[in-house]
Every structure is written in C-alpha cells, then in structure tokens.
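First up is the structure itself, then whatever we jot down about it.
The model shown is predicted, which means the values in this text are computed figures rather than measured ones. So you know, we letter chains A, B, ... as the sequences are listed, proteins then strands, and number each from 1.
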2 protein chains.
Amino acid sequence: MKKVVLKDIANHVGVSTALVSYVLNGQAVEKQVSKENAARIMAAAEELNYRPNQIAKSLKTQKTHTIGLVVADINYRFSSGITRAIEAEAKRKNFTVILGSSNENAGKFDELVNVLVNRQVDGLILVPVENSEKTIVNLQRQEVPFVLVDRNFPELRTNSIILDNYKAAYDSTSYLIEQGHKKIAFMNYDSTMANLIDRTRGYRQALEDNGITPSEKLMPLIRPLSYKSDIQKGITHLTSSKVACDAIFFATDRIAIYGLQHLNTLNLKVPEDVSVFSFDESEAFELFYCPVSHARQPLEKMGRLAVNALLELVNKNKITNQVYLESDFVIGRSCRE
Amino acid sequence: MKKVVLKDIANHVGVSTALVSYVLNGQAVEKQVSKENAARIMAAAEELNYRPNQIAKSLKTQKTHTIGLVVADINYRFSSGITRAIEAEAKRKNFTVILGSSNENAGKFDELVNVLVNRQVDGLILVPVENSEKTIVNLQRQEVPFVLVDRNFPELRTNSIILDNYKAAYDSTSYLIEQGHKKIAFMNYDSTMANLIDRTRGYRQALEDNGITPSEKLMPLIRPLSYKSDIQKGITHLTSSKVACDAIFFATDRIAIYGLQHLNTLNLKVPEDVSVFSFDESEAFELFYCPVSHARQPLEKMGRLAVNALLELVNKNKITNQVYLESDFVIGRSCRE
DNA sequence: GTAATCACTTTAAACGTTTAAAGCAAATTT
DNA sequence: AAATTTGCTTTAAACGTTTAAAGTGATTAC
C-alpha cells in the first residue's frame with residue numbers, strides 16, 4: 001500500500017494541499033475554511049488513513065518534538081527508572097524520547113550525542129560519564145539546549161538536575177552515628193565524578209562534625225575496572241578483626257550488591273555482625289534477607305524537572321541553573337540500634 | 001551560532017551544493033570531482049563544523065536509518081537487556097533506535113507504534129502486549145516492516161524471534177523430575193499470551209510424559225492486577241501441609257521474586273524445605289542466599305537476530321518466518337537432589 | 001575545421017509539509 | 001456603477017538535502 005500524503009487527500013477532495021493542511025492542523029475556523037470542505041477533508045483523511053509525515057513536518061517547522069536521552073547504562077536500575085520518568089513527562093508534553101546508552105564510555109557518549117544532534121532533536125537530557133567534559137563544552141558552543149541529570153561538572157556552568165549528594169551522604173552518615181556506630185566504613189569508586197566525590201565529602205564531614213576522625217583505612221577505593229575483586233578485598237579487610245568496622249556505607253547500589261554478596265560468602269550477618277547502608281536501591285535488595293536502609297533518589301521528580309527545564313530552554317526562556325534535589329530515605333532493618 | 005548547512009559550505013568554497021554533497025558522501029571519485037575542490041570542501045566542512053541535517057536527508061532519501069523499539073516495560077530486566085542487545089546490533093549496522101515502553105498496556109502500545117510509524121522509522125521491533133492484535137494487524141495492512149520478539153500471536157503470521165517456551169518449560173520440568181521431585185507446582189499468570197501458555201503446556205506435557213498426572217491444585221493462576229496477594233496466597237497454599245509440594249517452578253522472574261520473598265516470610269528454606277526453579281532471572285537473585293536455577297533467554301542472540309531479520313525485511317528480502325530459540329539453563333543450588 | 005570526447009560543474013526538481021501572500025467571485029458599501 | 005469588503009481558495013516558496021540531467025570549456029579525433 002502506498003503511503004498517503006497530503007496531496008492525495010487534496011486530489012481526492014478536489015482542493016489544494018494548503019486547505020488540507022489548515023484543516024488537519026485545526027486551523028479550519030481561523031483560516032475560514034468552508035464547513036463542507038472541512039468536513040470532506042476530515043472524512044477523506046479518515047477514509048484514506050492519512051498519517052502525517054513527521055519528517056517533512058519537522059524539516060519545515062524546524063522542530064522535531066523529540067528529546068534525546070543518553071543514560072550511562074540502560075541496565076542500571078537508575079537508568080531504567082529515570083528513562084521511564086522522562087518518557088512519561090515527555091509524553092505529557094507531546095514529545096518523543098530517543099534513547100542511547102553510553103555504557104560509561106566517553107567515546108560512545110560523544111558519538112551518541114552527535115547522532116542525536118544530527119537527528120535534530122530539540123534538546124538533550126544527559127547523564128554524562130567520566131571524561132566527557134569535551135562533549136559538553138561542544139554542545140554549549142553549538143548552543144544545543146541540554147540538561148544534565150544525576151551527574152554534572154561543577155567547573156562547567158550547565159543546567160543540571162542532581163541530587164544533593166553531599167547532604168544525602170552527610171545525613172546518611174549522621175543517621176549511622178545516631179544509631180551508635182563508631183567505626184563507619186565508606187566504600188566508593190575511585191572516580192573523578194563530582195557526584196561520587198560529594199558523597200565522600202558528605203561522609204567525612206559528618207564524621208568530623210561528630211568528633212570522629214575519618215580514617216583512610218575505612219575508605220577503600222574501588223577501581224571500576226576491577227570492582228568485583230576490589231569490593232571483595234575491601235569487605236574482607238573491613239570486617240577483619242584488625243579493622244572490625246561496625247557499619248559499612250556503600251556509595252552506590254552496584255557496590256552494595258557485591259559487598260552484600262561477599263558478606264554472605266563470609267557468613268557475616270546483617271545487621272548482627274555489621275550494619276549496612278546503601279546509596280540508591282537495587283532490585284536485588286528485594287531478596288536480601290534483611291531490608292537494606294538506603295538513600296533513594298527521587299526519580300519521578302528528577303525526570304519531571306529535567307524535561308521541564310529542557311523545554312524551558314528550548315523555548316528560549318533561558319534559566320541556566322543547577323537544581324539540587326533532596327534525597328529520600330528508606331529505613332529498613334540493616335542498621336543495628 | 002547559526003546552523004551550518006550545505007549551502008554555507010558551497011558559498012564558502014565557491015561551488016554548487018551538488019558538488020559539496022557528492023564530496024561529503026564519498027562520491028568524489030565516482031563523480032569526478034577535482035582534487036582541489038574535494039580537498040577545499042572537506043576542509044571547509046571541517047572548519048565550519050558542518051553537521052548534516054538527518055531530517056532533510058531522510059525526507060529526500062525516504063530512509064531514516066532508525067528502528068522503533070517498543071518494550072513491555074523498561075523496568076524489566078528482560079527489557080533493558082534486549083534493548084541493549086538491539087542497540088548494539090543496530091549501531092553496528094549504522095541504525096539508531098527509538099525506544100518506547102508500553103507498560104503492558106494495549107492502548108499505550110498502539111499509541112507508541114503510531115508515533116513511531118509517523119516518525120517514519122524504517123521498521124519496528126516489538127514486544128507486543130495482551131490484546132494488541134489489532135495494532136499488529138494494522139501494521140501488516142500498512143505494510144510496515146516489523147518483527148516481534150519474546151512474544152507473538154500464533155494465529156497471526158508474523159516475523160518473530162521468540163524463545164521455544166514450550167521446550168524450555170518441558171526441559172526445566174524434566175530436570176526437576178530427574179532430581180527426584182514428584183509434586184512439582186507451577187505458578188503462572190492468568191494470561192492469554194501464547195508465550196506464557198506454552199510454558200504451561202511444556203510443564204504439563206513433561207509431567208505426563210513421566211507418568212505424573214498434572215493437578216490444577218498445583219497450578220495456581222496469578223491475576224496480573226492482584227499479583228502480589230495472589231502469589232502470597234499461592235505460596236501459602238502450595239507449602240501447606242495439605243498440599244506440600246516439593247518444588248515450585250515460577251513461570252516468570254517477577255513471580256519468582258515475590259514467591260521467594262514470601263518463602264522468606266514463611267521461613268521456608270530453599271532448597272531444604274522446597275526446591276525452586278525460575279523462568280528468566282532477575283537481578284534480585286544476586287542477593288538471594290542460594291543461587292536460583294533458571295531458564296535464561298539468550299538476549300544477545302535474540303537482539304541480534306531481531307535486528308537482522310528486520311533489516312532483511314526493510315530491504316525487501318521478505319523471508320517471513322518464526323524463529324524459535326533454545327533457552328540457556330543456569331543451574332544454581334535451588335533444587336534439592 | 002568540425003565533431004566527439006573528456007573532465008568537471010551547475011541546474012533544477014524532488015521529498016512532504018507549512019504558510020505568507022495573492023487571487024477571485026459574490027456581497028456590500030459608497 | 002465603481003470601489004470595497006467578505007469569504008473562501010490557490011499559489012508558490014521554503015525547509016536542507018540528493019541526484020538525474022544538462023552545461024561548459026578544453027582536449028582529442030577524424
């Protein structure tokens with residue numbers, strides 16, 4: 001079946017394409033189209049099952065009504081959650097989302113961004129990865145509207161919607177201290193990303209504000225390329241009789257999963273042998289024998305704000321700023337009292 | 001900064017847009033463009049940071065190099081896995097993927113498909129939902145190239161890449177029988193979807209072939225709208241002293257998660273008190289105290305085959321057929337010997 | 001010395017829309 | 001009766017590409 005285009009309807013009814021376009025775009029009254037023609041055009045469009053060609057429309061109007069979204073890894077819980085939230089809000093605003101996953105690779109990230117820009121998306125929502133500053137700066141130079149979510153680069157002035165990681169980590173650590181913990185370990189990636197560094201800062205500051213001196217011994221760094229073994233070594237070390245921490249604060253849900261797994265292997269019980277707190281949740285927690293207390297990012301809100309901020313930008317209501325969201329906290333039973 | 005278009009390069013170099021187009025599309029030699037002009041055009045494109053407008057290109061060539069993908073729910077492990085696989089393969093073939101999530105809703109599914117078709121995607125890869133036959137039939141009538149993955153409608157002749165659900169369930173059940181289980185329960189959704197029905201068929205047939213009469217008592221149906229409580233009731237019933245099944249086969253990973261959770265609540269140990277087998281895996285299994293044996297869909301292969309089948313269709317090498325894939329099996333320690 | 005060939009380059013239409021501007025009868029005002 | 005207004009419709013250019021076809025000046029062939 002050949003594709004039905006405007007002209008087919010025009011011929012079928014015996015009018016010009018302009019008239020058809022007016023009617024189909026709801027400008028029938030405004031453009032004073034006669035009732036009969038309007039009705040016949042509507043009927044013909046229905047009968048011929050006309051579907052407007054968005055590509056042609058976009059070329060003419062210079063608007064694609066499309067948002068490009070690049071997440072760090074679609075397999076992360078955070079990614080699918082934020083994708084869902086962004087899609088829902090975009091839908092509400094009559095926008096479509098094109099998704100790409102950079103798999104935490106700066107090269108792939110750059111490539112994806114370029115593909116999306118070439119496709120003339122109206123704007124981008126990005127979860128940047130380590131070493132992707134150059135791509136971001138390029139976007140600024142090209143004046144492509146974009147907003148960052150979850151992560152940003154403090155030295156670049158960008159629109160971004162991110163968690164107040166410092167505060168979330170500070171509050172989480174304070175909570176652990178309130179629960180009576182003294183030797184609180186913190187497991188984080190060895191990374192230059194501000195969101196992760198802020199978590200470490202929050203942790204340290206909370207300790208200091210409570211008269212505890214942070215110790216590097218309690219802060220093993222996980223190298224992303226060898227995270228599994230680093231986590232195992234870290235856990236083994238922290239729970240050894242030499243160190244014997246009484247709580248472990250995991251800086252991400254991924255770290256938490258492998259950390260908890262290794263605690264299982266070592267036959268250590270949560271929270272009897274060691275208390276546990278996590279940043280973000282994983283579906284995996286659902287089957288852990290004990291509900292894991294954790295800081296939870298407000299994905300719904302984040303997605304909504306990101307879309308709205310982007311659309312503001314697209315409409316040139318340039319309000320460049322950073323939005324810091326408060327974390328939610330889910331208290332399970334993984335911290336001894 | 002204004003967008004740089006072909007004409008800008010042409011003006012800058014002092015040639016026609018045709019020449020620029022030829023050079024930038026690698027037809028310099030074929031179209032006998034002089035070396036000097038070719039070089040100057042390349043340099044100008046670089047200097048002006050030219051990015052071809054894919055929209056205009058698509059309008060002219062009637063090809064968008066885009067695949068539309070609609071998954072059932074982006075939060076499913078299966079969905080993010082298959083999305084990743086499809087994206088990777090599409091990338092390899094120089095195609096972009098536009099993703100939508102129907103959230104298991106036939107109305108939303110239809111809407112998404114329409115949006116994608118209007119955007120002139122070259123073809124669709126779909127995970128259809130219950131009651132979405134009409135949408136599928138429409139696509140066939142419009143002659144839009146598409147392939148179904150994971151689920152299909154046997155009464156419709158469609159290209160589809162799906163697991164051999166019957167065989168996977170048959171083999172899984174046989175495995176449980178071999179392990180010495182007699183009273184094997186099967187927990188499945190109350191659904192009209194063929195992929196789920198085939199699992200039930202496989203389960204029943206395996207029992208019968210081994211001289212066990214299937215009993216409805218061992219096959220509680222889970223209604224999607226009240227799955228949590230139905231699963232709980234089912235588990236409680238199956239493990240009651242009256243029924244006392246010795247193994248539970250979960251037809252999906254979602255059912256498995258809530259089933260295992262409730263086993264935890266009831267303080268029943270896997271596999272000591274009851275053996276467990278699942279269809280598909282969830283990230284949640286990672287933190288269950290015991291590795292759960294399960295049938296695993298070959299996502300990588302599925303995604304690759306889906307993209308390739310679709311591209312064949314797009315190129316009019318119409319090979320309409322159904323591909324049934326063999327399941328992988330992951331044997332943990334959740335089945336008593 | 002005219003014709004044909006060669007090595008390039010330009011012209012212009014097309015893809016399917018949108019939309020400002022112009023067109024045209026009939027009705028109304030001068 | 002001429003001019004204007006009204007109510008409606010068409011024309012045609014534009015968006016940024018691609019590409020068949022035509023154009024052009026120099027070289028080669030007969």
Side-chain angles (χ1 to χ4, degrees), chain A residues 1-42 44-45 48-66 117-122 142, chain B residues 1-42 44-45 48-66 117-122 142:
Chain A
M1 205 189 308
K2 239 196 105 277
K3 285 238 166 93
V4 178
V5 301
L6 265 195
K7 202 190 245 179
D8 296 325
I9 300 185
N11 290 342
H12 191 264
V13 176
V15 295
S16 68
T17 59
L19 222 49
V20 179
S21 173
Y22 291 144
V23 171
L24 263 28
N25 284 302
Q27 304 186 56
V29 177
E30 184 187 338
K31 300 288 171 165
Q32 311 191 103
V33 179
S34 66
K35 301 252 183 303
E36 306 95 85
N37 272 339
R40 290 165 67 207
I41 287 167
M42 291 303 279
L48 301 178
N49 190 29
Y50 170 70
R51 323 245 126 211
N53 182 324
Q54 293 295 338
I55 295 282
K57 218 166 187 157
S58 293
L59 180 59
K60 179 63 196 176
T61 61
Q62 303 289 78
K63 291 255 151 284
T64 54
H65 267 248
T66 305
V117 170
N118 290 356
R119 289 198 170 241
Q120 316 296 125
V121 295
D122 292 338
Q142 297 178 244
Chain B
M1 204 191 306
K2 239 198 106 272
K3 284 239 165 94
V4 177
V5 301
L6 265 195
K7 203 189 245 179
D8 297 325
I9 299 186
N11 289 342
H12 190 265
V13 176
V15 296
S16 68
T17 59
L19 222 49
V20 178
S21 173
Y22 290 144
V23 171
L24 263 28
N25 285 301
Q27 304 185 55
V29 177
E30 184 187 337
K31 299 288 172 168
Q32 309 191 104
V33 180
S34 66
K35 300 253 186 301
E36 307 95 85
N37 272 339
R40 291 166 65 208
I41 287 166
M42 291 302 279
L48 302 177
N49 190 28
Y50 170 70
R51 321 248 125 210
N53 182 323
Q54 291 296 336
I55 296 281
K57 217 167 188 158
S58 293
L59 180 59
K60 178 62 196 177
T61 61
Q62 304 289 78
K63 292 255 152 281
T64 54
H65 268 249
T66 305
V117 170
N118 290 357
R119 289 197 170 242
Q120 316 297 123
V121 295
D122 291 338
Q142 296 178 245

Inset, instruction - Say whether, by atom type as modelled, one donor and one acceptor occur between the side chain of A/Asn37 and the main chain of A/Val33 under 3.5 angstrom. - result: no
Legend entry - B/Gln32 CD - D/dT24 C1' separation (whole Å): 14 Å
Legend entry - Least distance between heavy atoms, B/Val20 atom then B/Leu6 atom: CG1-CD2, 3.3 Å
Legend entry - Inter-end axis angle, the helix from C/dG1-D/dC30 to C/dT30-D/dA1, with every axis fitted to five base pairs (rounded, 10 degrees): 80°
Inset, instruction - Please answer whether the main-chain N or O of B/Gln27 pairs with a side-chain N or O of B/Asn25 as donor and acceptor at a distance below 3.5 Å. - result: no
Inset, instruction - Over all heavy atoms of both residues, which pair between B/Pro52 and A/Gln120 is shortest? Give the atoms and the distance, please. - result: O-OE1, 4.2 Å
Inset, instruction - Keeping the roles fixed (side chain from B/Asp122, backbone from B/Thr64), state whether a donor-acceptor pair exists under 3.5 Å. - result: yes
Inset, instruction - Under 4.0 Å between any heavy atoms, over every strand shown, what does A/Ser34 touch: base, sugar-phosphate, or nothing? Just pick one. - result: sugar-phosphate
Legend entry - N/O donor-acceptor pair under 3.5 Å between A/Arg51 side chain and B/Asn118 backbone: no
What's touching nucleotides 14-22 of chain D from the protein side, N or O pairs under 3.5 Å?
unit_1 : atom_1 : unit_2  : atom_2 : d
D/dA14 : N3     : A/Lys60 : NZ     : 2.9
D/dC15 : O2     : A/Lys60 : N      : 3.4
D/dG16 : OP1    : A/Gln62 : NE2    : 3.4
D/dG16 : N2     : B/Ala56 : O      : 3.4
D/dT17 : OP1    : B/Tyr50 : OH     : 2.9
D/dT17 : OP1    : B/Asn53 : N      : 3.3
D/dT17 : OP2    : B/Leu6  : N      : 2.8
D/dT17 : O5'    : B/Tyr50 : OH     : 3.2
D/dT18 : OP1    : B/Asn25 : ND2    : 3.1
D/dT18 : OP2    : B/Ser21 : OG     : 2.5
D/dT18 : OP2    : B/Asn25 : ND2    : 3.2
D/dA20 : N6     : B/Tyr22 : OH     : 3.1

Inset, instruction - Compare every heavy atom of A/Ala56 with every heavy atom of B/Leu59, then report the nearest pair and how far apart it is. - result: CD1-CB, 3.8 Å
Inset, instruction - For residues A/Tyr50 and A/Val4, report the shortest heavy-atom separation together with the two atoms involved. - result: CD1-O, 3.4 Å
Inset, instruction - Find the distance B/Glu30:CD to C/dA7:C1' and express it as a whole number of Å. - result: 15 Å
Legend entry - Integer-rounded Å distance: C/dT10 C1' and B/Asn37 CG: 12 Å
